2 protein chains.
Amino acid sequence: MEKPENGGDAVSMIGRALPRVDAFERVSGSAVYTGDVTLPEMLYAAILRCPHAHAVVKKVDASIASRLPGVRAILSSLDPEAKIKLPYPWWVPEGPPMLLFDTHCRYAGEEVAAVAAESQDQAWEALRAIKIEYEQLPFVLTAEDAVTPGAAAVHDSGNLVRPVDIYQRGDLVRGFAEADVVIEQTYRSSCEIHAPLEPHVAVAHWNGQRLTVWTPTQAIFNEQKQIAAALNMSLSAVRVISHYVGGSFGSKAELSKHTLIAAILSRKTSRPVKLALTREETFLCVGNRPANSITIQAGVKKDGSLTALQFTNLGSVGAYADWAEAGGGLGLYHCSNVRAQETETYINAGKARAFRGPGEVQCFWALEQVMDELAHRIGMDPVELRIKNLITHSQVNERPYTSTGFEECLRRGAGAFGWREARSRSRSGGPLRRGVGMAACQWSVQGGPPTTVIVSLLADGSVTLNMAAADQGTGTKTATAMIVADELGVPLEKITIEQGDTGTAQFGKPGGGSHSLVVYGPAVRAAALEVRRQVLDMAAQELNLPVTDLAVKDGRVGPANDFDRATPLAMLQGIVERQAIIGIGHPAPDPEGKIIMSFGVQFAEVEVNTRTGEIRVLRLVAAHDSGRVVNPLIYESQVFGGMVMGLGFALTERRVLDEKQTGRMVNANWHDYKIPTAKDVPFDQTCIPVDPHDSECDSVGVKGLGELGTMPTAPAIANAIYNATGVRVTDSPITPMHMLRRLASAKQDT
Amino acid sequence: MEKPENGGDAVSMIGRALPRVDAFERVSGSAVYTGDVTLPEMLYAAILRCPHAHAVVKKVDASIASRLPGVRAILSSLDPEAKIKLPYPWWVPEGPPMLLFDTHCRYAGEEVAAVAAESQDQAWEALRAIKIEYEQLPFVLTAEDAVTPGAAAVHDSGNLVRPVDIYQRGDLVRGFAEADVVIEQTYRSSCEIHAPLEPHVAVAHWNGQRLTVWTPTQAIFNEQKQIAAALNMSLSAVRVISHYVGGSFGSKAELSKHTLIAAILSRKTSRPVKLALTREETFLCVGNRPANSITIQAGVKKDGSLTALQFTNLGSVGAYADWAEAGGGLGLYHCSNVRAQETETYINAGKARAFRGPGEVQCFWALEQVMDELAHRIGMDPVELRIKNLITHSQVNERPYTSTGFEECLRRGAGAFGWREARSRSRSGGPLRRGVGMAACQWSVQGGPPTTVIVSLLADGSVTLNMAAADQGTGTKTATAMIVADELGVPLEKITIEQGDTGTAQFGKPGGGSHSLVVYGPAVRAAALEVRRQVLDMAAQELNLPVTDLAVKDGRVGPANDFDRATPLAMLQGIVERQAIIGIGHPAPDPEGKIIMSFGVQFAEVEVNTRTGEIRVLRLVAAHDSGRVVNPLIYESQVFGGMVMGLGFALTERRVLDEKQTGRMVNANWHDYKIPTAKDVPFDQTCIPVDPHDSECDSVGVKGLGELGTMPTAPAIANAIYNATGVRVTDSPITPMHMLRRLASAKQDT
């Protein structure tokens with residue numbers, strides 16, 4: 001924390017590796033997650049899903065189901081509620097209507113009917129008794145197939161999400177002409193599932209015309225807005241509560257059908273309704289990272305200057321509109337001549353959703369391998385190639401970054417990893433080959449309004465903090481509490497946080513896009529400073545001392561240079577009279593004409609078993625510039641967690657659709673869908689925070705971290721595999737079978 | 001509502017007889033009262049109570065109980081928790097320590113042990129298995145006995161609560177000398193139980209070091225303070241939630257032992273704990289209106305001028321400190337020579353608590369019968385006698401009242417009742433005698449800070465209102481919503497209220513003392529006006545119109561004289577950008593040097609069956625000056641409900657203690673303790689609001705109503721009985737048996 005102008009008595013909690021303020025609740029089981037919410041007379045619901053990748057519902061017969069014991073309501077495409085449109089969230093451009101229960105089912109897993117019953121088992125039992133008559137349609141499962149003439153049409157309007165998006169600057173022809181080396185490579189990434197530990201769930205409860213929904217979400221006010229729009233209600237009549245979120249990664253930022261279904265079943269039955277998705281369902285219908293096929297042509301001079309980048313992306317968003325764009329990361333390096341072409345298609349599969357580093361993870365998977373390849377071709381160290389092409393402003397709008405720690409990340413990361421030594425180390429000639437690789441990334445954050453937080457200093461010197469912020473596990477509560485503790489000189493345990501409730505918090509931005517702390521940190525600081533100002537003014541008057549001589553600490557206020565004489569806050573007449581000193585805070589607008597940009601560089605060492613194709617990641621070093629480190633423990637958790645996710649992208653994770661027969665997802669469970677386990681993750685992980693002491697980004701000095709941990713990991717691993725084996729594996733995930741095939745075909749080529 | 005200066009577009013919701021905004025929730029059963037709160041893994045608790053009026057616990061044997069199925073924790077005087085002191089609320093002067101489990105039990109019903117178990121039945125079963133060895137002590141059950149030399153001592157310090165309190169002004173001797181008529185009468189009132197529909201209950205849940213307590217209370221921040229003090233916690237670590245209260249009447253304003261016991265059992269077991277008192281328990285240990293014995297000597301001139309009032313009160317507060325004072329109403333009439341002497345005693349019975357019109361109900365029971373008697377003695381109409389002695393300022397500190405509608409209440413009430421005609425009507429000579437009586441009252445309210453409320457106008461024009469206010473059934477939510485609706489021009493159904501939660505609301509005064517609307521009305525109005533100011537400023541800028549020309553109505557803003565051109569609020573760029581416009585409001589301080597005083601006058605007609613002693617109240621007319629009528633339906637409900645309570649005081653309600661043997665309460669249930677039923681209450685009830693258009697009391701013009709409805713009813717009925725029978729019945733309740741005895745002794749006298 002900057003020394004406050006008026007006291008200099010900050011106790012500097014910022015920067016200390018403190019455990020989460022809600023650690024006890026979370027690990028002891030006393031935290032009430034949505035799944036724990038139990039209301040009197042609550043019903044349990046379940047959803048019947050289309051088993052076909054593409055079909056039309058011809059007939060629904062719920063006559064038997066409705067007579068089964070415990071069944072209280074059934075919804076299907078026969079009901080007027082089926083006509084309700086699920087609105088798209090504001091960050092997704094309007095697409096074809098998403099009906100709550102569409103008779104035209106566009107993927108295996110789409111909602112066809114729902115049941116509310118006295119018990120979960122009765123609800124599931126009833127689903128089995130609903131008879132649906134389907135007419136199956138031909139389906140399309142990949143972007144490549146979707147754009148093939150004659151392909152099955154997911155929507156009447158065709159399979160193109162929107163017109164092909166083309167971005168261009170400079171002169172590509174001249175750029176390639178200037179290059180000494182030009183390469184072209186295609187990188188494919190698989191569709192990944194968010195798979196947070198906590199499955200998606202909602203509890204809905206009506207009180208007259210008012211609806212309360214408990215649901216784990218990153219974005220309470222967005223859910224409120226989407227629910228109000230879907231049900232034609234006032235915003236204030238919809239209360240969304242999300243106190244604890246057991247992981248999200250983007251999958252819990254937008255309204256899901258199950259939430260709306262719970263609300264409607266609850267209204268229909270006049271009973272609270274809980275609708276918890278099974279693990280299998282969460283694989284089908286609550287988002288994914290779209291599969292992309294990215295082709296990059298790149299030109300470079302022998303001195304390492306990039307001269308041209310041509311980027312072509314073909315992605316699939318699933319059955320309804322979303323983003324499969326991936327060109328956002330192209331500005332990482334200086335390059336005057338760039339062309340990016342993005343094509344997004346509909347396929348007969350679950351819709352994509354924002355997923356930690358959306359688009360960028362796929363972009364860097366391609367770009368950072370291309371950079372590695374270019375370095376190899378011109379015989380330059382990959383770190384040096386990146387330093388050569390550093391840029392400190394946006395090449396799209398010329399706006400400068402408020403700070404750029406990229407070079408420091410590259411140099412300190414390389415130093416910590418022992419990059420030069422590791423590169424030059426000789427490799428064993430046996431079946432176990434070791435190699436090292438690195439990759440980089442950037443991510444731009446927007447903080448700023450509108451967001452309001454309230455900090456109250458109570459009569460006994462304890463504090464309450466009220467804010468909208470979701471804490472999806474990223475530590476927002478802890479970081480903001482530390483800021484309050486510093487500004488008001490109170491210990492953390494005297495601060496109570498109430499958050500994640502549209503009914504009780506004022507409007508605040510969602511948690512996501514790595515901006516939680518960039519938004520809430522400055523807002524909370526402003527509110528705490530406002531409380532502090534009032535306390536100091538009050539104390540100055542009551543103690544008859546100049547404000548500038550006063551300090552606030554440990555629930556007392558007094559002369560900074562003789563703090564033994566300090567008075568307990570609770571004894572200030574003003575506090576006794578007012579019972580609480582309230583400060584309202586907002587984040588300041590983002591710096592005008594500038595861009596807040598975070599950077600990350602990661603280094604990987606791998607061992608490839610050329611006999612079995614198995615790949616072991618031996619160690620990972622991350623050097624990140626995300627501005628100030630508020631809490632090193634949380635910072636490291638974010639980076640380490642991000643790298644595990646990147647490792648999964650690189651080596652194990654992939655949604656497998658049955659292309660030949662059913663079109664269904666065949667690995668919709670944690671046995672067949674391979675999340676990295678403790679045995680896959682290297683014990684040797686290092687995190688080096690790089691702090692450029694950015695005083696322009698915001699009042700706390702933070703720039704955003706969450707997405708970046710994941711973005712460079714996979715290309716760093718792929719580059720290390722190349723370094724180990726000489727084989728470039730362009731498609732994710734690099735499974736042992738896949739690795740073996742690439743090794744074999746490389747052998748054939750030589 | 002006063003016409004706002006800046007728009008004149010208030011839709012004047014104020015004054016309309018609208019149903020409660022939470023009526024649906026309350027009547028449909030969807031409102032979640034504390035008794036409905038169900039948490040996962042919740043345990044159920046029960047309390048073992050001392051069966052003796054006065055005893056010492058010699059031994060507690062819980063060895064069998066602790067091994068019973070489902071039993072998870074047992075607390076008793078053996079545990080360290082027994083040493084915890086229940087703090088007195090701030091409005092009760094500190095008395096002898098109230099230990100959570102005192103080995104010295106001072107009344108039949110005092111807490112001796114508690115159990116938490118998996119089910120309520122198991123908890124009750126376990127209580128029966130706890131063996132307690134008591135040493136019984138002599139007990140004292142009435143104030144008269146308590147002050148008798150040699151009486152059993154409730155506390156080591158004796159039976160006197162505090163030194164006898166004496167108030168005096170003028171010269172009493174001269175006053176009586178000036179009088180033409182002097183009378184002396186003693187009026188006794190019985191101990192009444194609050195008996196709200198919802199029994200007392202608490203649910204406690206710990207999250208690490210933080211405690212959440214759901215409990216119906218009028219005073220969330222007082223409960224927070226008392227719990228924090230008892231458990232040595234920070235205020236911010238204690239969250240008290242009271243969303244719905246099913247009646248309280250003062251009995252749910254202070255912390256009860258069962259709430260603290262639930263919290264401690266929850267901490268001990270690491271499980272949520274619900275502790276619901278049985279109906280019987282609520283009769284024993286959560287407060288009552290103390291019994292009083294009031295003697296008044298009064299002198300009056302023939303012209304009706306009061307010359308002297310001597311008031312002597314002997315009351316019993318129960319086993320622990322509280323108030324049994326009753327002299328507060330003596331200032332109702334002009335009288336220069338007054339002396340009041342108050343004696344409060346401890347007895348071996350449950351402690352008193354504030355009870356609707358605390359002290360004053362007892363005071364007016366005596367004073368208003370004395371006035372009636374004086375009028376009779378000097379041959380003056382009782383209404384005229386009161387008008388003769390009107391006063392418009394405090395005789396204690398000379399401060400003027402901001403307004404005085406007393407005379408208008410007397411005149412309009414008398415007119416509506418047909419007072420003169422009814423008085424002159426001849427009575428039947430048979431066993432059924434009809435008569436009429438009237439009585440009056442006053443009550444002083446304090447509004448003012450500290451209280452903070454927050455009103456937010458959301459992007460779609462709907463509104464949220466966040467405030468501490470408890471709504472114990474008095475309609476605070478509805479009245480404040482109407483004020484918001486008027487100031488912001490939005491329909492009631494677009495306003496959502498979140499209240500009664502220390503975790504989410506800013507500090508606010510308790511609901512009680514008839515001041516809820518005097519505090520929250522102006523605070524809410526200030527907040528709404530602040531929102532309105534921002535919206536008008538914003539609209540003036542965006543629409544390029546002078547602020548003074550603009551009006552806000554139905555979610556639109558535009559030129560007041562051409563409102564068809566108005567713009568939806570949601571289309572103001574400022575609202576879109578900020579998502580919500582927030583206004584913070586506080587009530588202004590009470591008017592300096594003045595007193596806010598409400599008045600009430602009630603008229604009763606009764607029929608006395610002189611053979612059976614039965615008394616039927618045939619009709620009641622109430623004329624009240626409580627300032628502006630925000631909602632006539634709520635106003636009437638308050639007055640009618642108050643009169644029913646007053647009728648119970650007069651005729652049916654009384655705590656009966658077994659004086660001869662056990663000292664226990666023998667009618668601790670709704671069968672034996674007689675609350676008036678629908679058959680006891682006259683169908684013919686009229687409520688005449690008198691509005692003196694007080695612009696000084698506060699910004700809404702309200703003065704407080706709740707207590708007043710109850711205060712004059714009982715003396716009006718007693719005076720009517722006198723009018724019907726010529727017999728003055730001085731002791732409440734006037735049961736048929738009691739009436740018969742008085743009739744018989746009156747007959748003997750003649």
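Order of the sequence lines fixes the chain letters, A, B, ..., with proteins taken first and strands second; residue numbering starts at 1 for each chain. These numbers were taken from a predicted model, which means no experiment stands behind them.
- In plain terms, the two heavy atoms of B/Gln226 and B/Leu255 that are nearest each other are OE1-N, 2.7 Å.
- Contact annotation for A/Ala23: neither backbone nor side-chain heavy atoms come within less than 4.5 Å of a heavy atom of chain B.
- If you tally non-hydrogen atom pairs under 4.5 Å between each of A/Arg239, A/His205, A/Gln209, A/Glu493 and chain B, the highest count goes to A/Arg239.
- When all heavy atoms of B/Val238 and B/Thr502 are compared, the pair lying nearest together is O-OG1, 3.6 Å.
- Top candidate by heavy-atom pairs under 4.5 Å with chain A, chosen from B/Asp22, B/Thr38, B/Asp460, is B/Asp460.
- Top candidate by heavy-atom pairs under 4.5 Å with chain B, chosen from A/Arg578, A/Lys494, A/Arg210, A/His586, is A/Arg210.
- Taking chain B as the reference chain and counting heavy-atom pairs below 4.5 Å, the highest number among A/Ile584, A/Ile582, A/Asn466 is found for A/Ile582.
- With sequence neighbours excluded, no residue forms a side-chain hydrogen bond (donor to acceptor under 3.5 Å, both in side chains) with A/Lys268.
- By the 6.0 Å contact criterion, CD on B/Gln446 is open, its count of non-hydrogen atoms from other residues, nucleotides or ligands being 12 or less.
- The choice from A/Pro449, A/Ala31, A/Pro40, A/Gly461 that makes the most heavy-atom pairs within less than 4.5 Å of chain B is A/Pro40.
- Contacts with chain B were tallied for A/Trp206, A/Phe24, A/Phe221; A/Phe24 has the most, counting heavy-atom pairs under 4.5 Å.
- When heavy atoms are compared at a cutoff of 4.5 Å, A/Leu235 approaches chain B by way of both its backbone and its side chain.
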task = Could you please spell out the steps behind the salt bridge (charged side-chain N to carboxylate O under 4.0 Å, His left out) verdict for B/Glu118 and B/Arg271?
result = CA-CA 10 Å; B/Glu118 297 290 342; B/Arg271 303 264 295 268; 2.7 Å; yes
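- More than 12 heavy atoms of other shown residues, nucleotides or ligands fall within 6.0 angstrom of atom NZ in A/Lys509.
- Within the 4.5 angstrom heavy-atom criterion, atoms from both the backbone and the side chain of B/Asn207 approach chain A.
- The two residues B/Asp471 and B/Gln499 have their closest heavy-atom pair at N-NE2, 3.6 Å.
- The environment of B/Lys274 atom NZ is dense: over 12 non-hydrogen atoms of other residues, nucleotides or ligands sit within 6.0 angstrom.
- Neither the backbone nor the side chain of A/Ser28 comes within contact range of chain B; no heavy atoms are under 4.5 Å apart.
- In this view, A/Tyr33 and A/Arg26 satisfy the side-chain hydrogen bond (donor to acceptor under 3.5 Å, both in side chains) rule, not counting sequence neighbours.
- Considering only heavy-atom pairs separated by less than 4.5 Å from chain A, the leading option among B/Val463, B/Thr464, B/Asp501 is B/Val463.
- Residue contact with chain A, scored on non-hydrogen atoms closer than 4.5 Å, involves the backbone of B/Ile495 exclusively.
- Neither the backbone nor the side chain of B/Met42 comes within less than 4.5 Å of any heavy atom of chain A.
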